[in-house]
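See below for the structure under consideration.
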Amino acid sequence: MARFARIALDVPLPRLFDYQTPGISTDDIGRRVHVPFGKKNVVGLVLEVTDSPDFPEEKLKSLKAIDTVLPPLPGDVLDLFRFCASYYHYPIGQVALSALPTALRRWEFEPPKPVARYALTLEGQQALPNALPARAVARHRLAVRLKSGSADSIELNRLCGDAPKVIQDWIEKGWAILHEDASVEATITRPVLLTEQQTAVEAVTQALGGFAAFLLHGVTGSGKTEVYLRLVEQALSKGRQALILVPEIGLTPQFTQRVAARFPETPISVLHSGLAEGERLLRWKQAAAGKAGIVLGTRLSVFTPLPDLGLIIVDEEHDASFSQQEGLRYSARDLAVFRARQRNIPVVLGSATPSLESWHNAETGRYTRLTLPDRATGASLPELSLIDIHNMPLDEGLSPHAIKAIGETLSRKEQALVFINRRGYAPVLHCPVCAWVAPCPRCSTRLTLHRHGHRLRCHHCGHEEHIPAACPACGNPDIRAIGQGTQRVEDALARHFPAARIVRADRDNTRRKGSWDDMQASIHSGEADLIVGTQLIAKGHDFPNLTLVIALDADGALFSLDFRAEERLFAQLMQVAGRAGRADKPGRVLIQTGFPDHPLFSSLVTHDYAGFVRAQLAMRKAGMLPPFSRQAVLRTEAHELGTAMAWLARARELIPVHPDVEVFEPVPAPLLRKAGLERAQLWLQSPSRGSLQKVLQEWAPRLHALRAAGTRWHLDVDPAEN
Ligand code: ADP
Ligand code: ZN
Ligand code: ZN
């Protein structure tokens with residue numbers, strides 16, 4: 001028993017808050033509480049109990065209530081919060097509250113409705129989907145999903161708006177049943193593992209029961225997912241839970257379905273930001289109660305309480321979406337490794353193009369490297385070649401070679417994909433008379449022209465405006481769109497191939513729930529001939545009839561100031577190339593570039609990731625850049641650059657001197673203005689993580705004590721971006 005609770009609150013101060021709580025005990029650590037704070041009552045989390053508070057007793061307020069319904073958060077999750085707070089130098093209360101499901105951040109929340117699980121009967125298995133009208137796309141999706149195993153109503157509702165009605169109808173027809181009503185016979189087909197897969201599975205299996213980190217490097221289609229599934233099977237058979245982290249766009253219904261089909265009897269909690277609050281809470285509770293055998297989710301799922309956690313997998317570990325870029329800026333991949341060490345279990349990081357950080361860890365022996373060198377189905381790797389567009393006439397960015405290759409592919413009744421990592425119609429609206437370009441009034445960037453609605457839009461801040469009838473600077477009515485985005489390329493392709501059915505996939509037209517799923521289905525079923533898209537299309541489904549990939553305009557990244565730009569470009573091109581020729585037909589990839597002699601491309605066309613990485617690591621080493629050093633950056637924004645720079649200069653004076661830590665001068669950010677504010681930053685770098693952390697440890701409290709003076713700031717540790 002103790003008399004005071006020390007509580008984490010969602011406020012930007014790096015400390016806990018003491019409250020009078022006669023009768024509280026250590027068993028209450030990890031419980032939600034309702035406490036008065038300022039003029040409001042807010043939700044907090046008990047992190048410690050004590051008899052000797054930091055402030056005079058009589059000044060401390062009392063708790064209003066303590067939540068004894070929800071079980072307290074387990075100690076390892078609280079330790080994870082503490083680690084995040086100390087490593088990322090972010091207020092502990094904000095760490096804790098932002099890692100909880102949103103519903104729990106409010107005191108009163110709607111208790112989630114119980115969900116039902118459904119399965120098909122034998123009759124249903126036979127009747128579906130043939131008994132459905134061909135046009136009933138959503139019902140087909142339901143049928144295909146349920147044929148692969150039982151599913152809960154949340155997932156089914158996501159696949160089909162009418163799911164409750166349809167399922168009821170199927171139950172009446174004798175095609176479907178509540179899963180609890182019967183055990184379902186499901187036939188699970190598992191391929192015989194290839195030697196390399198077998199080796200990988202054995203290596204990790206032997207490590208179950210202790211901490212070990214593995215880097216699973218395998219080209220697209222090499223059977224990494226199959227390895228994950230076998231490992232999950234091992235963990236489940238020992239009564240343990242498996243956590244599978246995937247990138248934001250990697251969490252496709254196809255992937256979920258593949259996992260569900262393999263483990264038809266195992267409740268799976270799928271967690272992502274698109275879930276409604278109640279759904280998320282329900283799945284989180286399932287996981288926290290140990291009921292979900294598998295948790296499959298995006299970055300935030302790394303904080304899920306998992307009492308029986310036995311294995312962590314991070315798929316596409318290099319993916320940028322594992323880094324949270326707001327609030328608590330963390331890397332879910334790095335936290336996954338921390339959690340594995342904390343829980344004494346193995347973690348597997350898989351990728352076709354591992355991050356240089358993970359690669360380096362494998363080189364230095366911190367991680368064990370496992371390699372899958374070939375495609376599992378025996379399909380050959382796509383043939384990559386370059387189109388030198390230097391001095392070549394282009395039609396809306398498309399070279400004559402590219403157009404010819406598309407024509408040939410279409411005439412063979414195969415599909416082609418054109419990859420351009422820029423959405424919208426054109427990136428610049430330009431006046432040829434006075435050289436005016438349409439600027440964003442709030443950012444130091446240009447507005448992108450969008451065809452639909454004839455609008456100009458800022459991709460940084462969301463600002464929108466009408467397209468002017470004439471140049472606002474000189475009055476010239478003949479203003480022009482320069483450069484290409486997906487919409488313009490789509491138009492050009494429609495002009496060249498009027499008979500082709502074209503699908504465009506970018507963030508603008510896949511925002512609606514399920515629309516990208518529908519597009520993928522139409523590509524899969526052969527309803528589309530030509531696909532134009534951004535990196536969104538680089539991941540996910542196999543399209544067996546897709547045999548040609550064309551990458552436009554890859555060169556920007558070659559001259560970027562961001563030292564990670566080439567690494568990202570390589571990964572992206574490798575990933576889109578992986579879409580070509582996955583089944584029986586060989587695939588071809590054409591990359592348009594004005595710099596065909598660039599070393600990045602010679603590694604790319606020979607599928608030599610190791611060679612590319614070696615060259616990159618040599619450059620990083622010469623520049624003492626990560627992974628050979630650790631970085632942190634203090635970023636700040638203000639109405640005027642001068643204010644931001646002056647604040648950074650004062651912050652810089654507060655940095656303790658350390659022989660191993662290099663402190664740079666404050667500089668304006670690469671994108672100077674964003675959403676009306678001007679930004680500056682200050683970099684710190686050290687060959688030693690420990691030394692850098694030591695400096696940050698002393699510095700961070702001083703920053704909190706420094707008057708903000710019209711600025712907003714945050715510290716980014718291991719920043720993923722410049
Ligand atoms: P990755 O995750 O590396 O892209 P997948 O696990 O999805 O690779 O495998 C690619 C394809 O190869 C899938 O269609 C999968 O079913 C198949 N596959 C995987 N392992 C084997 C195997 N051992 N034998 C035959 N086919 C396999
Ligand atoms: Zn003009
Ligand atoms: Zn803007």
How about [X] and [Y]: does a side-chain donor come under 3.5 Å of a side-chain acceptor?
| X | Y | answer |
| --- | --- | --- |
| S688 | D660 | no |
| R635 | Q681 | yes |
| Q575 | E316 | yes |
| T298 | H272 | no |
| S355 | S358 | yes |

Does any part of the side chain of [Y], heavy atoms only, come nearer than 4.5 Å to the side chain of [X], both counted from C-beta?
| X | Y | result |
| --- | --- | --- |
| Y367 | F214 | no |
| Q592 | D553 | no |
| K674 | C443 | yes |
| R652 | I655 | yes |
| D76 | L309 | no |
| L706 | W713 | no |

So, [X] side chain and [Y] main chain: donor-acceptor pair closer than 3.5 Å or not?
| X | Y | answer |
| --- | --- | --- |
| K224 | V219 | yes |
| R679 | L677 | no |
| H607 | P382 | yes |
| R630 | D718 | no |
| S691 | P687 | no |
| E567 | R564 | no |
| R343 | P307 | yes |
| Y88 | S331 | yes |

Determine, step by step, whether W359 and Y609 satisfy the ring pair (Phe, Tyr, Trp, His ring centres under 6.0 Å) criterion, reporting the C-alpha distance in whole Å, the side-chain angles of both residues, the deciding distance to 0.1 Å, and the verdict.
CA-CA 11 Å; W359 188 278; Y609 192 62; 5.7 Å; yes
For the ring pair [X] and [Y], is the centre-to-centre distance below 6.0 Å?
| X | Y | result |
| --- | --- | --- |
| W699 | H658 | no |
| Y330 | F322 | no |
| F338 | F83 | yes |
| H390 | F595 | no |

Does R422 have more than 12 heavy atoms from other residues, nucleotides or ligands lying within 6.0 Å of its CZ?
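Count over threshold, so yes.
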Please confirm whether R341 makes a cation-pi placement over F211, using NZ or CZ under 6.0 Å from the six-membered ring centre and within 45° of the ring normal.
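The answer is yes; both the distance and angle limits are met.
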Using every non-hydrogen atom in the two residues, find where P305 and V77 come nearest and quote the distance to one decimal.
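In this case the closest contact between P305 and V77 is CA-CG2, 3.7 Å.
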